[in-house]
**Q** 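There's a structure below that I have some questions on.
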Protein chains: 2
Amino acid sequence: MKDVHNVSADADGRLFDPQARAALVQFIGGDDTLAMEAAAAVRTASHAIERMRAQGSENRGLSSGTLDVLLRLSASADGMTIGDLAKSAGVSSRNVTGLVDTLERDGLVQRAPAPHDRRSVLARITPAGQEWIENWRRPTQLAMGAIFRDFTPDDLAQLRHLCLRLADNHHKLTQYLNGAR
Amino acid sequence: MKDVHNVSADADGRLFDPQARAALVQFIGGDDTLAMEAAAAVRTASHAIERMRAQGSENRGLSSGTLDVLLRLSASADGMTIGDLAKSAGVSSRNVTGLVDTLERDGLVQRAPAPHDRRSVLARITPAGQEWIENWRRPTQLAMGAIFRDFTPDDLAQLRHLCLRLADNHHKLTQYLNGAR
DNA sequence: ACTTCATCATGAAGGACGTACATAATGTCT
DNA sequence: AGACATTATGTACGTCCTTCATGATGAAGT
């Protein structure tokens, strides 16, 4: 079986994807490929994580979107409104409505009227939801441990740091764009 | 407007997501949260990149999956088979068939019989496809530059490196699992 | 108080990505 | 020649996500 997957190491001993670089170098001069390569690498990594997570929480019946919402709700004891969930997840509020629908159908989340604003709906995690997460925790932990094999705590912190800087840039950018409109 | 998006800095000056950490700390003891936090951060970053890319190549009509295939094809002058594309992208071959369908409908890619194996189909990028990528390059470069604002070349290389290490782990893992089956 | 405008959740409709299973054509091995 | 594997694709389906429209509610100005 021919192996398409391939990584090489550059002069600093850092990995890069030769295929991605070849595709980029012919269009963009030297330095600017760095950002594109990094972006492609992040995408690949995210896919890998998604795969592992799906494999780990298999048979449990929750998919990426709903899991994302459930995790956010498990973090806030008082629940969150649909709109807040949408903002924090970076997706449309209509989408969150649907995700909460399925979670509610499964009994993992409950809707309640919001105290301050009668237009809003408060989503709150149920005991069944908490339990679901309890069961999800162990295999996921193992899966993440496997995919981050040989990462030092410093590596992990640095990866987190760089990714969040990126997300922060994006957030500021969209805020700026919306403000300028 | 209440701002849900939020990042803080830890003792090392590195960013973290307080909400994600709060959600994790109550389940997992100290050190193991690092991997989960990193995974969540990668997911967030990937979303941000996807957003920027969609915004940059807007009005051009290609979405993430098809763009991924087109980029891979632009890297190999002789074209690639459906199966190889599927392997390198980490998705099912049936999925790639559909993506190549839409690309072919748009005239950006052509199918041809593979010389060595008459079961295989060779997908090759057309001149129109090359041109499409030419037009895509500039806005995307700008978008990536914006989202990676204040990243030093070393930051970018390190981010790429960490992400590819992760992907490499994942690849070895799945290979191991498939071999053991 | 009344009007006007903004915001919230949701209905309706649709696009894109991705999967699993079945199948016909072709390769490979014994 | 026959048994089995592999390749691409048809069929059927699920999930995520979007935009636009709508009814209910809040907020702000007069």
Side-chain angles (χ1 to χ4, degrees), chain A residues 1-2 4 43 46-48 50-51 53-55 57-70 79-87 89-106 109-123 178 181, chain B residues 1-2 4 43 46-48 50-51 53-55 57-70 79-87 89-106 109-123 178 181:
Chain A
M1 161 173 129
K2 182 164 66 175
V4 181
R43 184 165 196 263
S46 171
H47 270 186
E50 205 60 52
R51 274 295 176 93
R53 191 165 72 171
Q55 206 163 18
S57 77
E58 206 171 20
N59 305 330
R60 305 229 158 273
L62 281 201
S63 306
S64 68
T66 49
L67 177 55
D68 199 71
V69 168
L70 189 60
M80 295 174 70
T81 69
I82 304 286
D84 281 352
L85 280 169
K87 273 181 217 148
V91 296
S92 73
S93 96
R94 183 60 186 87
N95 185 20
V96 173
T97 295
L99 298 175
V100 170
D101 279 351
T102 59
L103 285 171
E104 198 174 23
R105 232 193 325 273
D106 292 352
V109 154
Q110 252 187 344
R111 265 182 245 249
H116 309 313
D117 189 334
R118 286 194 314 196
R119 296 168 301 177
S120 294
V121 169
L122 216 61
N178 286 344
R181 183 184 300 159
Chain B
M1 163 172 125
K2 182 163 68 174
V4 180
R43 183 166 198 261
S46 171
H47 269 186
E50 206 59 52
R51 275 294 174 95
R53 190 166 72 171
Q55 206 164 17
S57 78
E58 206 170 20
N59 305 330
R60 305 228 158 273
L62 280 201
S63 304
S64 68
T66 50
L67 177 56
D68 200 72
V69 168
L70 190 60
M80 295 174 70
T81 69
I82 304 286
D84 280 353
L85 279 169
K87 271 180 217 147
V91 297
S92 73
S93 98
R94 183 59 186 90
N95 186 18
V96 172
T97 295
L99 298 175
V100 170
D101 279 352
T102 60
L103 285 171
E104 198 173 23
R105 233 195 322 276
D106 291 353
V109 154
Q110 251 186 345
R111 264 181 246 248
H116 308 312
D117 189 334
R118 285 195 314 196
R119 295 168 302 176
S120 293
V121 169
L122 217 61
N178 285 344
R181 181 184 299 157

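We name chains A, B, ... by the order of the sequence lines, and we start the count at 1 in each one.
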**Q** Once salt bridge (charged side-chain N to carboxylate O under 4.0 Å, His left out) is applied, do any residues pair with Arg119(B), and if so which ones, sequence neighbours excluded?
**A** Asp117(B)
**Q** Whole-Å distance between dA12(C) P and Asp101(A) CG?
**A** 12 Å
**Q** Using the C1' atoms of five pairs at each end, what's the angle between the two axes of the helix from dA1(C)-dT30(D) to dT30(C)-dA1(D), to 10 degrees?
**A** 30°
**Q** If I take atom CG from residue Asp84(B) and atom OG from residue Ser93(B), how far apart are they, to the nearest 0.5 angstrom?
**A** 11.0 Å
**Q** For residues Gly65(B) and Arg43(A), report the shortest heavy-atom separation together with the two atoms involved.
**A** N-NH2, 4.4 Å
**Q** With a strict under 4.0 Å distance from non-hydrogen atoms of chain A, what nucleotide opens and what nucleotide closes the contacted stretch of DNA chain D, reading 5' to 3'?
**A** dT15(D) to dG26(D)
**Q** What nitrogen or oxygen pairs link the protein and nucleotides 13-18 of chain C at under 3.5 Å?
**A**
from    : atom 1 : to       : atom 2 : distance (Å)
dC17(C) : OP1    : Gly65(B) : N      : 3.2
dC17(C) : OP1    : Thr66(B) : N      : 3.3
dG18(C) : OP2    : Asn95(B) : ND2    : 3.0
dG18(C) : O5'    : Asn95(B) : ND2    : 2.9

**Q** Find the distance between OG (Ser63(A)) and CD (Glu50(A)) and round it off to the nearest 0.5 Å.
**A** 9.0 Å
**Q** Going by side chain to side chain contact (heavy atoms under 4.5 Å, CB included), name the residues that satisfy it together with Thr102(B), two or more places apart in sequence or in a different chain.
**A** Thr66(B), Arg105(B)
**Q** Going by heavy atoms in the side chains, are Pro115(A) and Leu122(A) under 4.5 Å from each other?
**A** yes
**Q** Mind checking the NE2-OG1 spacing from His116(A) to Thr81(A)? Nearest 0.5 Å is all I need.
**A** 10.5 Å
**Q** Kindly say if Arg111(A) contacts the phosphate of dT10(C), meaning a side-chain N or O under 4.0 Å from OP1 or OP2.
**A** yes
**Q** Answer yes or no: does atom CD of Gln110(B) have more than 12 heavy-atom neighbours from other residues, nucleotides or ligands under 6.0 Å?
**A** no
**Q** Among residues at least two apart in sequence or on other chains, which ones pass salt bridge (charged side-chain N to carboxylate O under 4.0 Å, His left out) with Asp101(A)?
**A** Arg111(A)
**Q** Looking at residues at least two apart in the chain, or sitting in another chain, which of them share a side-chain hydrogen bond (donor to acceptor under 3.5 Å, both in side chains) with Asn95(A)?
**A** none
**Q** Is the phosphate of dG27(C), meaning OP1 or OP2, less than 4.0 Å from a side-chain N or O of Arg118(B)?
**A** yes
**Q** Shortest non-hydrogen contact from Ala89(B) to Asp68(B)?
**A** CB-OD2, 3.9 Å
**Q** Grab the two heavy atoms, one from Leu85(A) and one from Ala123(A), that are nearest each other, plus how far apart they are.
**A** CD1-CB, 4.3 Å
**Q** For a quick check of understanding: with a heavy-atom distance under 4.0 Å over all strands, which category does Ser120(B) fall into, base, sugar-phosphate or nothing?
**A** sugar-phosphate
**Q** For nucleotides 4-7 of chain C, which of its nitrogen or oxygen atoms have a protein nitrogen or oxygen under 3.5 Å away, and what is each distance?
**A**
from   : atom 1 : to        : atom 2 : distance (Å)
dT7(C) : O2     : Arg119(A) : NH1    : 2.6

**Q** Going by side chain to side chain contact (heavy atoms under 4.5 Å, CB included), name the residues that satisfy it together with Leu70(A), two or more places apart in sequence or in a different chain.
**A** Leu62(A), Leu103(A), Leu108(A), Val109(A), Ile125(A), Trp132(A), Ile133(A)
